[in-house]
Amino acid sequence: MTTTTPAAADTGGIYVLAAHPHWRDSRVNRRLLAAARSVPGVEVNDLYGSYPDFAIDVEAEQARLAKASLVVLLHPIQWYSMPALQKLWLDDVLSYGWAYGPGGTALQGKDCWLVATTGSPEASYHPQNYHRYFFDAFLPPYEQTAALCGMRFLPPLVLHGARSAAEAEVAAHVDVFAQRLGSYPQWPELEELDVCVACPVPETDRPAEHDDQNAVVAGAFHSAMTHGIASMSAANEEKNNEEGMA
């Protein structure tokens with residue numbers, strides 16, 4: 001569900017998208033969610049609480065994004081990516097002609113911040129260990145999504161080994177997260193980051209008009225897939241690897 005705490009200070013317009021399919025099993029993300037809700041002026045959306053049927057209110061989400069200067073993606077890393085509902089949110093909300101492409105300038109100049117946890121320790125993300133790559137190798141999809149929308153991708157805040165991290169480390173991580181939300185945009189490193197890189201999409205790369213019949217078929221297919229995903233999600237996500245329980 002979406003919550004907004006009363007603003008006691010100018011936080012620059014922050015929208016936190018929190019996605020975790022099983023909050024009751026979360027050790028760290030649940031505390032990060034609570035910390036975000038405690039920061040004045042921050043709008044927080046628990047995606048799995050708001051959209052249990054996976055039917056995303058695109059207009060409402062776009063309205064929230066339009067008001068924000070900072071968009072925060074808060075979730076555990078699952079299979080080297082984001083939870084299913086967070087990915088569906090991107091597919092539905094960041095539409096052509098609104099978020100990117102001709103006329104798609106709604107998000108240009110905003111900041112995007114990934115706040116993530118992994119179940120495995122940082123040392124496991126190494127060419128000589130079982131994840132085979134450094135963690136940064138899995139970030140380009142996030143970076144390019146932001147770039148295509150004209151957003152600045154901020155250095156991620158990541159806690160590795162969330163399931164086994166010491167309590168003091170977890171508490172310190174949550175405190176840093178809350179402090180950063182409360183002090184945005186007064187972050188010293190922001191002055192050193194480049195401005196958003198524009199990635200224009202030529203109109204020739206997308207059809208100028210959609211065939212009406214194809215649009216109807218696509219809409220029906222999307223509706224069926226949405227409800228199908230929601231039905232399968234409850235069963236499949238019980239088998240998530242330990243990355244998803246952070």
Side-chain angles (χ1 to χ4, degrees), residues 1-3 14-37 43-58 60-61 64-65 68 70-95 99 112-120 124-125 131 133 135-146 149 151 153-154 156-163 165 170 173-174 177 222 225-246:
M1 63 181 63
T2 307
T3 58
I14 300 175
Y15 185 32
V16 176
L17 289 155
H20 198 304
H22 299 293
W23 286 111
R24 67 181 181 276
D25 297 323
S26 170
R27 180 180 178 223
V28 178
N29 280 272
R30 183 169 56 186
R31 292 168 65 172
L32 292 170
L33 174 64
R37 285 174 168 165
E43 185 167 13
V44 182
N45 191 353
D46 165 14
L47 287 181
Y48 279 88
S50 295
Y51 306 116
D53 57 357
F54 279 49
I56 295 172
D57 187 336
V58 173
E61 292 301 320
R64 292 176 183 127
L65 287 174
L70 173 65
V71 179
V72 182
L73 304 180
L74 169 64
H75 58 249
I77 297 298
Q78 295 185 334
W79 283 105
Y80 313 107
S81 185
M82 59 186 66
L85 185 53
Q86 177 68 85
K87 179 58 170 64
L88 181 63
W89 183 95
L90 293 176
D91 293 343
D92 286 359
V93 177
L94 304 186
S95 58
C112 180
W113 189 32
L114 172 64
V115 178
T117 59
T118 69
S120 304
S124 66
Y125 288 91
H131 287 308
Y133 297 92
F135 183 76
D136 285 355
F138 303 104
L139 293 179
Y142 291 92
E143 296 173 348
Q144 181 55 24
T145 296
C149 297
M151 304 178 74
F153 187 71
L154 306 183
L157 178 65
V158 181
L159 180 65
H160 292 287
R163 299 191 71 189
V170 174
H173 182 78
V174 174
F177 174 60
H222 181 271
M225 287 297 294
T226 297
H227 290 290
I229 291 173
S231 298
M232 292 186 295
S233 178
N236 290 342
E237 286 174 348
E238 291 296 335
K239 299 180 181 180
N240 277 340
N241 70 346
E242 64 178 15
E243 294 290 333
M245 295 306 185

Heavy atoms only: give me the nearest Leu47-Leu85 pair and the separation to one decimal.
O-CD2, 3.3 Å

If I take atom CD1 from residue Ile77 and atom OG1 from residue Thr117, how far apart are they, to the nearest 0.5 angstrom?
7.0 Å

Under the side chain to side chain donor-acceptor pair (under 3.5 Å) rule, collect the residues that match up with Asp91, sequence neighbours excluded.
Lys87

Any side-chain heavy-atom pair from Leu65 and Leu94 closer than 4.5 angstrom?
yes

Side-chain contact, heavy-atom cut-off 4.5 Å: Thr145 with Met151?
no

Quick one: pull up OG in Ser124 and CZ in Phe135 and give me the separation to the nearest 0.5 Å.
10.0 Å

All heavy atoms of Leu139 vs all of Pro156, minimum pair found to be CD1-CG, 3.9 Å

I'd like to know if the side chain of Tyr133 and the backbone of Phe138 have a donor-acceptor N/O pair within less than 3.5 Å.
no

One should read off an interatomic distance between Leu17 CG and His75 NE2, to the nearest 0.5 angstrom, of 10.5 Å

How close do Asn29 and His20 get, counting heavy atoms only, and between which atoms?
CB-CD2, 3.9 Å

Looking at OH of Tyr48 and NE2 of His22, how far apart are the two atoms once the value is rounded to the nearest 0.5 Å?
8.0 Å

The side chain to side chain donor-acceptor pair (under 3.5 Å) partners of Glu61 (sequence neighbours excluded) come to Tyr15, Asn45, Tyr51, Arg64, Trp89

So, taking the atom named OG in Ser26 and the one named CG in Leu32, what distance separates them when rounded to the nearest 0.5 Å?
7.5 Å

If you define the side chain from C-beta out and look only at heavy atoms, does anything of Arg37 sit under 4.5 Å from Asp46?
yes

Mind checking the CH2-CD1 spacing from Trp113 to Ile14? Nearest 0.5 Å is all I need.
8.5 Å

Can you tell me how the ring of Tyr125 sits relative to the ring of Tyr80, calling it parallel under 30°, perpendicular over 60° and tilted otherwise?
perpendicular

Distance-minimising heavy-atom pair for Pro83 and Gln78
CA-OE1, 3.5 Å

In terms of heavy-atom contacts, Ala35 and Val174 come closest through CB-CG1, 3.7 Å

Would the distance check show the side chain of Arg27 and the main-chain N or O of Ala165 forming a donor-acceptor pair, the cut-off being under 3.5 Å?
yes

Heavy-atom closest pair (Val71 atom, Ala68 atom, distance to 0.1 Å) is CG2-CB, 4.5 Å

